[in-house]
Visitor: 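Below are the structure tokens for one structure; questions will follow.
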Amino acid sequence: MSSPEPLEERAPEGPKTPPAKDSMTPRIGVFVCHCGSNIAGTVDVSKVREAAEKVPGVVVAKENKYTCSDLGQEEIIKAVKENDVNRVVVAACSPRMHEPTFRSCIQEAGLNPYMLQMVNVREQCSWVHSKEKDRATEKAVDLVRMGIAKAEKLVPLEAREVPVEQSSLVIGGGVAGIQAALDLAQMGFKVFVVESEPSIGGRMAQLDKTFPTGDCAICILAPKMVELARHPNITLLSYSEVEDVSGFIGNYSVKVRRKARYVVEDKCVGCGVCADACPVKVDNKFDMGFGKRKAIYVPFPQAVPLKYTIDKDNCIHFKTGKCKACLKACANEAIDHEMEDEMVELKVGTIICATGFDIYVPMKRGVYKYWEYQNVITGLELERLLNASGPTGGHLIRPSDGESPKRVAFIQCVGSRNKKIGNDYCSRVCCMYSMKNAQIIKEHEPDTEIAVYYNDIRAFGKGFEELYHRVREEYGIEFIRGRPAKLSEDSETNSITIRAEETLLNKITEREFDLIVLSTGLQPSEGSKRIGKILSLSLSPDGFFQEAHPKLRPVDTAVDGIYLAGCAQGPKDIPDSVAQAKAAAASAASIMAGKKVKIEPLTASINEELCIGCGLCVEMCPYGAPEIVETDNGTKAKVVEALCHGCGTCVAACPQKAITANQFTDEQIASEIVSALGGMEGTNGKARKPAKKAEEA
Amino acid sequence: MEEGTNPEMEHPAFEPKIVAFCCNWCSYAGADLAGTTRLQYPANVRIIRVMCSGRVDPAFVLKAFSLGADGVIVAGCHPSDCHYINGNEKTAMRGIFLSEFLEDAGLEPQRFRVEWIAGSEGQKFADVVKKMVAELQTLGPIAEESA
């Protein structure tokens with residue numbers, strides 16, 4: 001390459017794309033997309049094309065119905081070849097959507113893929129100005145001029161190719177994490193599963209049965225949990241937290257804290273003699289506080305790994321140093337009160353984030369009186385009370401007196417579809433789990449009277465509508481359309497009267513029940529917020545992790561090499577979580593199977609001649625990419641390319657203007673500013689001249 | 001120049017031009033979301049994409065004003081949500097410096113804003129633009145002496 005631009009001197013790795021015509025005098029091709037009527041319905045595309053044609057340097061300008069289609073891409077390739085085009089401007093959708101598409105397209109036409117400038121005339125123009133067609137067109141013309149101005153200054157870049165670690169990190173050991181790990185391990189990749197709780201299994205392990213088929217949750221989950229623990233390609237790090245992730249696709253370094261269990265995993269056989277000896281009883285979180293466990297415990301009988309853990313906060317030894325009951329009881333000498341947290345470092349190529357959800361906790365002063373009335377419980381609490389291995393052995397009782405309730409009401413949409421608390425979304429599982437639980441109660445106690453207070457019934461999945469019919473017709477569950485307005489408790493019997501407007505009957509009714517179940521929704525888990533920051537993942541408006549594209553890249557994230565599975569991405573039921581986990585595993589595998597991956601060359605580089613070695617860039621960089629080195633020409637800064645993420649913060653700070661940010665150079669951005677303002681009409685559109693100053697004087 | 005005394009104000013069709021520097025990960029994505037959800041805002045803003053708001057050299061802002069921008073927005077991820085760990089912290093610091101500098105130069109504070117707009121905040125992006133356009137319409141063009 002013979003361009004004067006210093007950027008081209010940077011030696012790229014891997015196969016080079018033909019640089020051919022890139023660096024000659026700009027010959028720009030502009031392609032304006034109609035996107036059907038998405039753009040053309042608002043923006044006068046022909047006007048935009050005509051304006052583009054008049055800009056010096058533009059040798060060809062065309063309109064396409066759909067530029068991204070085969071036909072549109074072929075037209076670009078043809079126009080590039082026929083007109084000797086060396087820079088391409090595509091005015092269409094957001095670069096976040098189709099930039100990769102057009103990069104490969106112009107590469108096919110023989111150009112360097114980075115000689116492309118996308119202009120966003122859909123998301124940031126036609127769709128947001130649909131009522132102001134003239135002004136939208138005017139703006140589109142400006143945006144295209146800005147794109148052309150930047151395109152003029154583009155320089156060819158080479159993507160770096162780096163090897164990909166043949167291993168994956170799965171964060172979260174719920175059903176989604178388990179499935180993703182098993183699939184990847186089955187494909188031959190090494191997998192590390194990090195789970196913060198002492199056992200994998202997640203929320204599914206807490207459930208009694210699954211809708212709509214009535215399979216026992218733990219019966220179908222436990223074999224998968226065991227398979228995961230036994231798989232030779234999987235390393236399970238339970239009771240551990242991801243503390244830090246650095247690096248990039250194919251090359252992530254992960255720091256994991258293995259929290260001290262105070263029980264040596266290799267020595268513990270899970271016999272439970274220690275727990276029998278432990279004198280401390282505390283509420284079992286796994287049983288939603290209904291059952292008790294000891295201070296040394298496994299959360300549930302089918303736990304994987306079946307290794308005991310000491311709950312330090314409740315252990316007498318840690319409080320007073322006086323108890324050694326478990327230590328004495330354990331024949332295998334597995335107890336170690338001196339154990340400390342341990343840091344483990346992992347190298348992985350891809351990461352699957354399956355951090356799950358938390359159950360919505362009803363408000364302290366809410367109308368449903370969850371915190372005041374003992375006989376108001378949540379759906380997940382009911383699951384534990386119905387579960388054969390739960391605190392009551394599967395016998396449904398009401399908390400106030402341990403009697404079995406004769407009248408049960410479910411209240412739907414608690415913590416979902418509620419703008420007041422900020423959870424606008426539907427949690428997707430509450431309608432169905434309530435029906436399923438109602439059915440189970442009826443199977444246990446056929447005489448129970450059950451009513452479901454609902455807003456809308458959403459029975460959209462396979463077999464869901466059938467279950468809805470079954471519980472109504474065969475089990476006689478009553479469905480009452482209306483949101484309860486008031487709950488009041490009889491102080492003697494602890495029964496609760498629901499006052500509600502039955503909207504189908506258009507009247508207000510009052511009915512007494514023995515037990516109220518709040519069908520609480522799903523919300524982003526506390527732990528996932530921390531993980532999101534570590535992984536630099538964005539959140540969607542509902543607070544769950546945002547996928548790269550809602551339709552076409554539903555398991556990818558904006559960060560290359562990191563994928564989503566299960567409820568971390570949004571509320572979903574078990575089959576959807578499993579399907580997404582399999583998709584995430586396939587996406588991760590497709591990267592790892594390639595053995596090498598291309599890294600965007602959007603890094604910074606330093607012009608040694610201008611650099612004075614002041615070290616400001618070193619201070620600015622969050623990644624430690626620039627370093628100060630002694631050269632023959634004195635003290636200089638140098639960017640370690642592998643560490644550079646291309647944010648450009650150092651570029652903005654450099655007092656010598658010695659740093660260049662690839663694809664976002666000072667020159668390129670300045671040219672955008674100039675043409676953004678050059679296209680203006682009226683007084684404010686003209687560059688202000690300092691001449692006025694003379695007048696004042 | 002005092003607020004509201006600008007003769008240009010009588011001109012009903014004063015359409016301020018705003019240059020917005022948006023970071024790729026949050027604010028640009030937020031602006032895209034405003035589009036996908038079809039939120040409407042005035043067509044006065046020209047967005048320049050940068051990878052991080054920390055890339056925005058104060059010189060870019062000054063250049064925009066000197067070339068005739070009536071307002072400039074620098075938009076990045078919310079504090080502690082930066083895709084590049086803490087690039088937006090540098091933006092915040094530069095923003096304070098720039099605001100003071102621009103005020104000293106005679107520009108009204110409403111003409112320059114640093115905004116934190118997440119990828120999920122399409123509504124916020126639209127609101128910020130709407131508000132700024134309305135404020136600048138009240139202010140009118142920049143007085144010649146401060147340019």
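All chains are named by letter (A, B, ...) in the order of the sequence lines, taking the proteins before the strands, and each is independently numbered beginning at 1.
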Visitor: Picking from A:R135, A:K139, A:H129, what satisfies side chain to side chain donor-acceptor pair (under 3.5 Å) with B:N44?
Guide: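 Among A:R135, A:K139, A:H129, the one that satisfies the side chain to side chain donor-acceptor pair (under 3.5 Å) with B:N44 is A:R135.
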
Visitor: Distance check, rounded to the nearest 0.5 Å: B:Y84 atom OH versus A:C644 atom SG?
Guide: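 With rounding to 0.5 Å, OH (B:Y84) is 9.0 Å from SG (A:C644).
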
Visitor: Identify which of B:G87, B:A31, B:P58, B:C82 forms the greatest number of heavy-atom pairs closer than 4.5 Å to chain A.
Guide: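 Looking at each of B:G87, B:A31, B:P58, B:C82 in turn, B:A31 comes out on top.
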
Visitor: Given that the side chain runs from C-beta out, which part of B:V56 has a heavy atom under 4.5 Å from chain A: side chain, backbone, both or neither?
Guide: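 Backbone only.
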
Visitor: Output the distance between atom OG1 (A:T649) and atom CG (B:D57), rounded to the nearest 0.5 Å.
Guide: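 Taking OG1 in A:T649 and CG in B:D57, the distance rounds to 11.5 Å.
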
Visitor: In plain terms, say whether A:R122 and B:D32 are close enough for a salt bridge, that is, a side-chain N and a carboxylate O under 4.0 Å apart.
Guide: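 No, this pair does not count.
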
Visitor: Among B:C23, B:A118, B:S80, which residue has the highest count of heavy-atom pairs closer than 4.5 Å to chain A?
Guide: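 Most pairs with chain A among the choices: B:S80.
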
Visitor: If you measure from the Lys or Arg side-chain nitrogens to the Asp or Glu carboxylate oxygens, is any gap between A:E672 and B:R46 under 4.0 Å?
Guide: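 Salt bridge absent between A:E672 and B:R46.
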
Visitor: Is the closest basic N to carboxylate O distance between B:R49 and A:E99 below 4.0 Å?
Guide: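 So B:R49 pairs with A:E99 through a salt bridge.
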
Visitor: Non-hydrogen atoms of chain A under 4.5 Å away: do they reach the side chain of B:F125, the backbone, both or neither?
Guide: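 Neither part.
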
Visitor: Specify which of A:L143, A:V559, A:N120, A:L535 makes the most heavy-atom pairs with chain B at under 4.5 Å.
Guide: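 Among the listed options, the one with the most contacts to chain B is A:N120.
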
Visitor: Output the distance between atom CH2 (A:W127) and atom CD (B:Q40), rounded to the nearest 0.5 Å.
Guide: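 With rounding to 0.5 Å, CH2 (A:W127) is 12.0 Å from CD (B:Q40).
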
Visitor: Under 4.5 Å, counting heavy-atom pairs only, tell me which of B:C77, B:C26, B:P42 racks up the most with chain A.
Guide: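 Winner by heavy-atom pair count: B:P42.
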
